[in-house]
Visitor: 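Once you've had a glance at the structure underneath, I'll fire off some questions.
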Amino acid sequence: MGLGMYLTEIVKRDPNSGKLLTNGSWEYKPPTALDIPIDFRITLYDNPNNTAGVMRSKAVGEPPLCLSVSVLNALRHAISSARKDAGIEKWFQFDSPATVEQVQQLCHSSIAQFRFA
């Protein structure tokens with residue numbers, strides 16, 4: 001949910017009518033099981049009896065959403081590194097959602113940099 005919000009969910013509206021143009025999965029591609037890294041190591045909480053939580057849960061709702069903002073910070077650092085490699089060290093505006101196109105443009109990468117080894 002949080003990754004989709006920070007990386008893919010662009011809200012577009014018609015400038016004249018204000019009608020929502022991105023109202024389905026034709027324009028918005030939600031993250032799927034194939035977007036999970038192959039090597040995805042997690043640790044589950046050992047204490048299953050959380051009597052203070054809602055229906056004994058460990059967390060409900062907001063924690064995954066709040067922690068997913070760390071993806072934006074990681075992307076900002078990666079973009080800064082790519083810009084530094086390209087000789088560009090000035091400040092840059094970085095807004096959410098961080099789409100592939102936005103990240104590519106901020107990195108100042110060109111097609112010449114991509115080649116098969």
Visitor: Would the distance check show the side chain of Ser17 and the main-chain N or O of Lys19 forming a donor-acceptor pair, the cut-off being under 3.5 Å?
Guide: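 Present.
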Visitor: Is the closest side-chain heavy-atom distance between Glu89 and Arg83 below 4.5 Å?
Guide: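 Contact flag for Glu89/Arg83 side chains = no.
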Visitor: Going by the rule side chain to side chain donor-acceptor pair (under 3.5 Å), which residues pair with Asn73 if we only count those two or more places apart in sequence or in a different chain?
Guide: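 Per chain and number, Asn73 pairs via side chain to side chain donor-acceptor pair (under 3.5 Å) with no residue.
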Visitor: Of all heavy-atom pairs between Arg13 and Leu21, which one has the smallest distance, and what is that distance?
Guide: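 What the structure gives for the nearest pair is C-CD1, 3.7 Å.
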Visitor: State, with a plain yes or no, whether a side-chain heavy atom of Leu75 is found less than 4.5 Å away from one of Leu7.
Guide: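 Yes; the side chains approach each other to less than 4.5 Å.
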Visitor: When hydrophobic residues are tied together by side-chain contacts of less than 4.5 Å, even through go-betweens, does Ile88 share a cluster with Phe92?
Guide: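 No.
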Visitor: Measure the spacing between CG of Leu106 and CD of Gln93 and express it to the nearest 0.5 Å.
Guide: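 So the CG of Leu106 and the CD of Gln93 are separated by 9.5 Å.
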Visitor: How would you list, by chain and number, every residue that makes a salt bridge (Lys or Arg N to Asp or Glu O under 4.0 Å) with Asp95, sequence neighbours excluded?
Guide: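 Per chain and number, Asp95 pairs via salt bridge (Lys or Arg N to Asp or Glu O under 4.0 Å) with no residue.
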Visitor: For the backbone of Arg76 and the side chain of Ser80, can you confirm whether one donor and one acceptor N or O come within less than 3.5 Å of each other?
Guide: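 Side chain of Ser80 to backbone of Arg76, a donor-acceptor pair under 3.5 Å: yes, one is there.
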Visitor: Looking at every non-hydrogen atom in both residues, tell me the closest pair between Leu72 and Phe94 and how far apart they are.
Guide: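 Shortest heavy-atom separation between Leu72 and Phe94 comes out as O-CE2, 3.5 Å.
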Visitor: Hey, what do you get for CD1 (Ile79) to NZ (Lys84), rounding to the nearest 0.5 Å?
Guide: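 The CD1 atom of Ile79 sits 16.0 Å away from the NZ atom of Lys84.
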